[in-house]
Participant: 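After the structure tokens below, expect a handful of questions from me.
In this text, all values refer to a predicted model and were calculated from it rather than measured experimentally.
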There are 2 protein chains.
Amino acid sequence: MKLGRLNHVGVATPSIEASIAFYRDVMGATVIRAPFDLPAQGVKVCFVDTPNSQIELIEPLGEASPIHGFLAKNPAGGQHHLCYEVPDIHEAKAWFEAKGCKVLGEPRIGAHGTPIFFVHPKDMGGVLTEIMETPREGH
Amino acid sequence: MKLGRLNHVGVATPSIEASIAFYRDVMGATVIRAPFDLPAQGVKVCFVDTPNSQIELIEPLGEASPIHGFLAKNPAGGQHHLCYEVPDIHEAKAWFEAKGCKVLGEPRIGAHGTPIFFVHPKDMGGVLTEIMETPREGH
């Protein structure tokens with residue numbers, strides 16, 4: 001497998017609304033996508049485009065959101081995960097499993113509408129890593 | 001100011017040597033630059049290219065390295081900072097200061113040979129942020 005595009009950096013936030021204002025007014029972002037709910041992942045999501053990648057703002061959605069624990073430790077928010085693209089999600093899952101990495105659950109549809117899975121940070125140099133099938137129609 | 005390229009994601013590691021093996025053998029990186037010391041920052045550095053950005057592996061260099069504290073909390077390593085490019089480092093410093101963000105020290109030469117500064121995570125949504133003048137001859 002070859003290392004793919006860094007599709008996005010996942011950044012947890014207690015408030016997507018406040019983070020949008022920050023990325024627009026302080027960071028100078030000019031392309032901020034409409035936020036939307038991703039109930040299957042327990043998050044509300046908003047993509048901020050950089051010229052070469054994206055920041056994925058993630059806010060807890062619902063009581064069981066996996067982001068609550070992160071925000072309890074990091075109340076202001078912070079870097080949550082890195083997401084790389086792969087051409088085929090099932091080949092990628094088999095690859096990481098063969099390398100002894102803990103894949104968290106089966107591939108499911110992610111924020112870009114293509115299948116994704118996460119790999120446990122303990123096997124990834126401490127980095128929670130999302131693997132995402134490249135969208136067919138670009139980014 | 002307009003949001004610039006995500007030049008790299010800084011990833012702290014207790015061992016650049018082990019991380020190089022991980023990025024090569026597990027992540028499938030094909031372009032891994034030669035590691036080098038950056039004594040002024042108290043780090044050893046190694047860039048791993050993705051098709052659109054870079055991972056900057058950083059290992060502590062010397063007793064006073066600012067990475068020791070991070071690794072004490074995250075022994076396996078993990079995401080340390082995000083680095084964005086700007087066209088002019090002094091304009092960028094004035095911009096962030098005018099926005100009330102805490103710029104950490106004066107601009108100094110960073111790992112890519114151009115001036116950089118860091119902005120305190122408390123003013124950046126919990127993300128330690130490096131601002132870097134775009135290299136003149138590409139990346």
Side-chain angles (χ1 to χ4, degrees), chain A residues 1-15 18-19 22-32 48-55 57 70-71 73-82 84-86 92 95-96 98-101 119 121-129 139, chain B residues 1-15 18-19 22-32 48-55 57 70-71 73-82 84-86 92 95-96 98-101 119 121-129 139:
Chain A
M1 201 188 73
K2 279 180 78 170
L3 183 64
R5 279 186 86 248
L6 181 67
N7 182 274
H8 63 260
V9 177
V11 172
T13 172
S15 164
S19 289
F22 166 75
Y23 277 91
R24 183 188 62 218
D25 300 339
V26 179
M27 296 304 293
T30 52
V31 181
I32 300 177
V48 177
D49 289 12
T50 77
N52 59 327
S53 190
Q54 289 183 312
I55 299 298
L57 298 170
F70 184 92
L71 287 175
K73 286 184 207 158
N74 309 275
Q79 292 182 71
H80 182 264
H81 67 269
L82 297 182
Y84 294 99
E85 296 180 14
V86 295
W95 168 276
F96 283 105
K99 296 289 183 184
C101 300
V119 188
K122 76 179 173 64
D123 301 318
M124 305 297 275
V127 178
L128 176 63
T129 304
H139 314 282
Chain B
M1 200 188 73
K2 279 180 77 170
L3 182 63
R5 280 186 83 249
L6 181 68
N7 181 274
H8 63 259
V9 178
V11 173
T13 171
S15 164
S19 288
F22 167 75
Y23 276 90
R24 182 188 63 217
D25 300 339
V26 178
M27 296 304 292
T30 53
V31 181
I32 301 178
V48 177
D49 288 13
T50 76
N52 60 326
S53 190
Q54 289 183 311
I55 300 298
L57 298 170
F70 184 91
L71 288 176
K73 286 184 207 159
N74 309 276
Q79 291 182 74
H80 182 265
H81 67 269
L82 297 182
Y84 294 98
E85 296 180 15
V86 295
W95 168 275
F96 282 105
K99 296 289 182 183
C101 301
V119 188
K122 76 179 173 61
D123 300 317
M124 306 297 275
V127 177
L128 176 62
T129 304
H139 316 280

Participant: For the interface with chain A, which of B:Asp25, B:Asn74, B:Leu128, B:Thr30 has the highest count of heavy-atom pairs at distances below 4.5 Å?
Facilitator: B:Asp25

Participant: Please look at A:Val31 and chain B and tell me whether the side chain, the backbone, both or neither of the residue comes under 4.5 angstrom of a heavy atom of that chain.
Facilitator: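 When you check distances to chain B, no heavy atom of A:Val31 falls under 4.5 Å.
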
Participant: Ignoring hydrogens and geometry, is there a side-chain-to-backbone donor-acceptor pair from A:Asn52 to B:Asn52 under 3.5 Å?
Facilitator: yes

Participant: Side chains of A:Met124 and A:Leu82, heavy atoms from C-beta outward: is any pair under 4.5 Å?
Facilitator: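 They are not in side-chain contact.
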
Participant: For a side-chain contact (heavy atoms from CB on, under 4.5 Å) check, start with the C-alpha distance between B:Leu6 and A:Leu6, then their side-chain angles and the critical distance, and finish with the verdict.
Facilitator: CA-CA 10 Å; B:Leu6 181 68; A:Leu6 181 67; 3.9 Å; yes

Participant: If you tally heavy-atom pairs under 4.5 Å against chain B, which of A:Lys99, A:His80, A:Gln79 wins?
Facilitator: A:Gln79

Participant: Taking side chain as C-beta onward, heavy atoms only, is B:Val48 less than 4.5 Å from A:Leu3?
Facilitator: yes

Participant: Please rank A:Lys122, A:Arg24, A:His81 by heavy-atom pairs under 4.5 Å with chain B and give me the top one.
Facilitator: A:His81

Participant: Under 4.5 Å heavy-atom distance to chain B, tell me which part of A:Lys2 shows up: side chain, backbone, both or neither.
Facilitator: both

Participant: Using a 4.5 angstrom heavy-atom cutoff, name the option from B:Val26, B:Thr13, B:Val127 with the most pairs to chain A.
Facilitator: B:Val26

Participant: Just wondering, do B:Met27 and A:Met1 contact through their side chains at under 4.5 Å, heavy atoms?
Facilitator: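 Of all side-chain heavy-atom pairs linking B:Met27 with A:Met1, none is under 4.5 Å.
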
Participant: Looking at A:Ala76, A:Pro51, A:Ala29, which has the largest count of heavy-atom pairs under 4.5 Å with chain B?
Facilitator: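 So the answer, after comparing A:Ala76, A:Pro51, A:Ala29, is A:Pro51.
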
Participant: Non-hydrogen atoms of chain B under 4.5 Å away: do they reach the side chain of A:Leu57, the backbone, both or neither?
Facilitator: neither

Participant: Could you check B:Gln54 against B:Asn7 for side-chain contact (heavy atoms from CB on, under 4.5 Å), going step by step and ending with a plain yes or no?
Facilitator: CA-CA 6 Å; B:Gln54 289 183 311; B:Asn7 181 274; 4.1 Å; yes

